[in-house]
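Data first, discussion second: the structure below is written as structure tokens.
Throughout, protein chains are lettered first and strands after them, A, B, ... in sequence-line order, and every chain is numbered starting at 1. Both backbone and side-chain heavy atoms feed into the values below; hydrogens, waters and symmetry mates do not.
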Amino acid sequence: MAKRRRAYFMDASYVVKKGRTYVALLLKGKKVVKLYYRYDPYFLVDGPVERKEEFLDIQAQKKNGRIASPIHVEEAEKYVGLEKKKLIKLYCREPSDVPAIKSQIPFPCFESSIPFVRRFIFDMQLSPFHVITYEREGREIKKIISVKEPKEAPQMETLSFDIETYNPMGAPREKKDPVIMISYRGRNKGVLTYKESSREFVESLENEKAVIERFSEIIAEENPDVIYGYNSANFDLPYLDARAKKLNARLMPGRFKGGMRSLRKGMINGYEIGGRVHFDLYPVMRFFGFIGLIKAQKFTLDAIAEEVLGKRKLDVKKEDIYQLWDQGGVDQLADYSIVDAELTYDLGENFLPLEMEMSSTAKIPLFQVTLSTSGQLVENLLMYHAAERKELIPRRPVGEAIYERLNAPIQGAFVKLPEPGIYENIAVLDFRGLYPSIIVSYNIDPGTLLEDGGENAYVSPTGAKFTKEKQGLVPVVLDYLVDMRSKIKSRLKTMDRSSAAYVKMNARSHALKILSNSFYGYLGYARSRYYSRPCAESVTAWGRKHIMDTIQKAEKAGFQVLYADTDSVFLIYEEKNQVRDFMNGINDSLPGKMELELEGFYTRGVFVSKKGGEARGAKKKYAMIEDDGRIKIRGFELVRRDWSDIAKDTQLKVLEAILKEGSKQKAVRIVRETIKELEKGTVPLEKLAIITQLKKDPTRYEIKSPELSAAKKMLKRGIPVERGTIISYVVGRKGASISEKAVPLELAEDYDVEYYVNNQVLPAVMKILKELGYDEYSMKVGGKQKSLDSFF
DNA sequence: CACTGTGGCCGTGGTT
DNA sequence: AACCACGGCCAC
């Protein structure tokens with residue numbers, strides 16, 4: 001007797017039982033359950049449809065020696081561009097049969113490399129965290145009746161954890177060095193260890209094995225849906241796993257007896273916990289840093305917690321941990337450990353709503369979303385909607401095709417050269433979501449691109465034509481995302497900012513923005529299934545056309561156009577209403593979803609010249625002050641992490657003196673004072689650190705550089721350095737070249753005054769002070785400025 | 001192997 | 001001194 005039930009769809013995996021494939025769905029209703037759905041994997045063949053039965057005779061040998069054959073064949077019809085196409089649909093016994101059978105087929109195969117669980121999500125049109133209504137018999141789902149967006153998000157149970165290890169040699173060795181503490185924070189919080197402590201939150205157990213087993217019990221008691229860690233996929237979980245094996249300890253962090261499994265997903269390492277979501281904050285923070293959502297100098301827990309939460313870790317050095325453990329510092333260590341678990345928990349709670357929205361928007365289960373790149377999110381969403389529209393999903397490019405794409409870059413945006421100087425009354429107009437709005441308005445899609453002819457079409461400045469007859473996949477999906485976001489944004493304005501609903505909707509708005517901003521890049525991404533050079537070229541060509549038209553019209557209307565970059569124009573105005581009238585006029589002439597917006601009015605702004613000298617202005621470098629006193633700074637050294645704080649702080653003070661107070665005397669005084677302090681030799685080393693990431697493995701560099709030289713000094717001291725490590729270095733006094741002088745911050749003892757004056761502070765401020773008529777000499781010896789002309 | 005795209009600035013160490 | 005390649009980070 002079938003029972004009808006409703007539950008949130010949380011995650012899915014698959015199992016093969018008695019030679020048949022079952023999708024295992026993780027569902028959350030009153031309780032969390034795991035139920036099974038019979039579903040056969042399949043793929044498509046572009047071959048002779050009338051002889052489809054012959055494909056059933058294929059016998060393919062798998063890697064494990066077993067023979068695989070298709071179990072069923074049928075005809076399928078799919079759209080390819082604007083045409084319909086007949087294909088052969090071959091069903092297989094289990095997912096691992098697909099590549100084997102495919103390799104025996106002498107015709108083009110499609111949709112064979114889509115992971116089976118994703119395939120199921122597409123075909124059933126599931127969304128993570130949506131509510132499904134289904135009929136079940138025993139542990140089996142017989143039918144999925146509906147998938148609906150719930151009014152309320154599921155209440156997620158969460159738990160964070162962190163481990164401390166004994167580390168007399170610096171880095172702990174998993175064969176020898178024990179786990180000495182495990183801290184956690186969920187509904188309860190605490191620290192597990194095997195020495196005595198006076199802290200009430202510490203639970204002292206008999207030995208390391210008991211600590212690990214007690215941790216398993218705690219997880220079972222708390223029963224979290226999500227387990228947070230910080231770098232836990234690379235360190236904590238593999239380490240715990242290795243120790244548990246060595247000690248023969250029972251480590252069962254999963255549900256339904258699910259184990260742990262390490263997996264590589266592109267460049268990112270993941271560690272799966274069966275039946276729960278392992279949410280490692282570290283790769284997610286890297287991703288958010290990469291797309292500019294968070295701004296952090298480093299991606300350590302300490303740095304991110306400070307940036308995001310305004311909280312710091314306790315001050316215990318990693319290399320001192322074993323000494324604290326040995327020398328009666330268990331209480332101190334426990335305090336340190338529990339703060340780590342709490343910070344990780346707070347970060348997790350902070351980012352969980354956004355990741356859940358990314359998950360349900362991109363149709364990728366949460367664990368996978370935490371390991372996904374922008375390209376994978378867009379690709380998955382497009383495949384999901386391609387399945388919905390019965391469109392054939394294009395294959396991923398391989399080999400030579402990728403290199404061809406990489407070797408043929410696409411012309412990008414237009415940037416207008418600014419005239420250096422100090423200006424007053426600047427208005428900034430910009431196109432809202434320029435590239436997405438172009439894609440939607442001109443129906444740009446690989447499938448709407450017309451080969452030749454075609455009457456009813458948009459013609460791009462490159463000559464490419466896009467039909468107006470049928471809306472393409474990319475424009476449809478993008479239109480939906482952009483439209484939903486604008487609706488959510490207006491709803492948000494009426495909502496109580498502290499409510500759970502607001503947090504969720506705000507996260508969704510963010511998720512939609514991240515996704516929609518990635519579509520253009522994905523069209524030009526060499527490894528994209530939907531790569532299209534004509535499409536990507538048309539997007540930027542239309543972008544250049546619209547911004548240049550706007551500049552031309554602004555000049556015709558009597559404005560001086562100071563600067564423009566991609567989607568924005570900077571005008572010098574006399575009356576604000578003239579700017580608004582001009583903008584309205586432009587908007588009347590724009591097609592579809594395109595819109596020019598007023599970004600803001602600025603009372604004063606600085607544009608500087610390029611380093612090379614001359615009067616040529618520098619692009620992408622300016623500072624402006626708004627009517628309300630807020631300062632907007634772009635491109636200057638002070639927004640870059642690879643400049644020292646002493647240079648950045650001085651540059652900021654100089655800009656403020658000029659923009660806020662209009663006082664060049666004050667600006668000069670600030671520079672002279674900074675130089676004096678540097679010469680005294682009393683500036684703290686932290687203010688002199690230059691932060692740079694090693695993007696390659698340290699052995700693979702062709703050239704010498706200060707950061708590489710500092711990295712080598714770290715390696716010599718046994719501090720690990722690898723691709724991706726972020727190096728902080730100070731230029732010291734010992735050595736001939738700058739590289740030789742570069743010393744990692746933690747080993748630095750002194751600094752080179754000359755370097756910090758001539759290569760850091762002065763270059764940063766002189767660009768600005770040059771616009772006021774000063775030269776370098778006058779900064780150092782306190783002489784008079786070259787020119788007495790006053791700007792203000 | 002590689003993190004959606006192109007345009008742009010600039011430091012460092014090297015060559016001419 | 002002028003110029004270049006490499007490499008990193010930022011604007012959009």
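- Residue A/Y622 is in sugar-phosphate contact alone, with no base atom involved, counting any heavy-atom pair closer than 4.0 Å across all strands shown.
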Quiz item: Going through the checks in order, is the ring-ring contact (aromatic ring centres under 6.0 Å, His included) test met by A/F570 and A/Y622?
Solution: CA-CA 11 Å; A/F570 294 48; A/Y622 58 84; 5.1 Å; yes
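- If you measure from atom CZ of A/R640 to atom C1' of C/dA11, you get 11 Å, rounded to the nearest angstrom.
- In this model, the phosphate group of B/dG13 is not approached by any side-chain N or O of A/Y701 to a distance below 4.0 Å at OP1 or OP2.
- Between A/N759 and the phosphate of B/dT12, there is a side-chain N or O to OP1/OP2 separation shorter than 4.0 Å.
- What you find for A/I304 and A/F299 is that their closest heavy atoms are CD1-CD2, 3.7 Å.
- A straight line from NZ of A/K621 to P of B/dC9 spans 9 Å, rounded to a whole angstrom.
- Rounded to an integer number of Å, the gap from A/Q411 CD to C/dC12 P is 19 Å.
- Each of A/Y403 and A/I291 has a nearest nucleotide on DNA chain B; the 5'-most of these lies closest to A/Y403.
- Here A/V539 lies out of heavy-atom contact (under 4.0 Å) with every strand.
- Counting to the nearest Å, the P atom of B/dG11 and the OH atom of A/Y756 are 15 Å from each other.
- Between the side chains of A/S460 and A/S538, at least one donor N or O sits under 3.5 Å from an acceptor N or O.
- Taking atom P on both nucleotides, C/dC9 is separated from B/dC3 by 15 Å, rounded to a whole Å.
- The separation of B/dT4 from C/dC6, taken at their C1' atoms, amounts to 24 Å, rounded to a whole angstrom.
- The side chain of A/S705 places no N or O atom within less than 4.0 Å of a non-bridging phosphate oxygen (OP1 or OP2) of C/dG8.
- A salt bridge links A/K545 to A/D549: at least one charged side-chain nitrogen sits closer than 4.0 Å to a carboxylate oxygen.
- Put simply, CG on A/D565 is 16 Å from P on C/dC10, counting in whole angstrom units.
- In this entry the distance linking NZ of A/K620 with P of C/dC10 reads 14 Å, nearest Å.
- Rounded to a whole Å, the NZ atom of A/K611 is 9 Å from the P atom of B/dT12.
- Residue contacts for A/K416: at a heavy-atom cut-off of 4.0 Å it reaches no nucleic acid atom on any strand shown.
- At the heavy-atom level, A/V415 lies under 4.0 Å from the strands shown only through sugar-phosphate atoms.
- Contact annotation: A/K610 side-chain N/O to B/dC9 OP1/OP2 distance is under 4.0 Å.
- Side-chain nitrogen and oxygen atoms of A/Y755 include at least one within less than 4.0 Å of the OP1 or OP2 phosphate oxygen of B/dT12.
- When rounded to the nearest whole Å, the span between NZ of A/K696 and P of C/dC6 equals 9 Å.
- Here A/T373 lies in heavy-atom contact (under 4.0 Å) with a base.
- Between the side chains of A/Q760 and A/Y755, at least one donor-acceptor pair of N or O atoms lies under 3.5 Å.
- When the side-chain nitrogen and oxygen atoms of A/Q693 are compared with OP1 and OP2 of C/dC9, one or more of them lie within a distance under 4.0 Å.
- Candidate nucleotides C/dC12, C/dG7, B/dT12 were compared by shortest atom distance to the side chain of A/S739, and B/dT12 ranks first.
- Centroid-to-centroid, the aromatic rings of A/F466 and A/Y458 stay 6.0 Å apart or farther.
- Within the nucleic acid shown, A/R527 comes within 4.0 Å of at least one base atom, counting heavy atoms only.
- Contacts of A/I410 with the nucleic acid, taken as non-hydrogen atoms under 4.0 Å apart, involve only primed sugar atoms and P, OP1 or OP2.
- Side-chain to base pairing of A/R634 with C/dC10: no donor and acceptor N or O lie closer than 3.5 Å to each other.
- Closest contact between the side chain of A/Y525 and the listed nucleotides B/dT4, B/dT6, C/dC6 involves B/dT4.
- Between A/G375 and A/R723, the one whose closest nucleotide on DNA chain B sits nearer the 5' end is A/R723.
- Within 4.0 Å (heavy atoms only), A/T540 reaches no atom of the nucleic acid at all.
- Look at A/K619 and you'll find a side-chain N or O under 4.0 angstrom from OP1 or OP2 of B/dG8.
- When heavy atoms are screened at a 4.0 angstrom cut-off, A/Y531 is found touching no nucleic acid atom at all.
- Between the side chains of A/T725 and A/E722, not a single donor N or O lies within less than 3.5 Å of an accepting N or O.
- With distances taken from any side-chain atom of A/P706 to the nucleotides B/dC1, C/dC10, B/dT12, the minimum falls on B/dT12.
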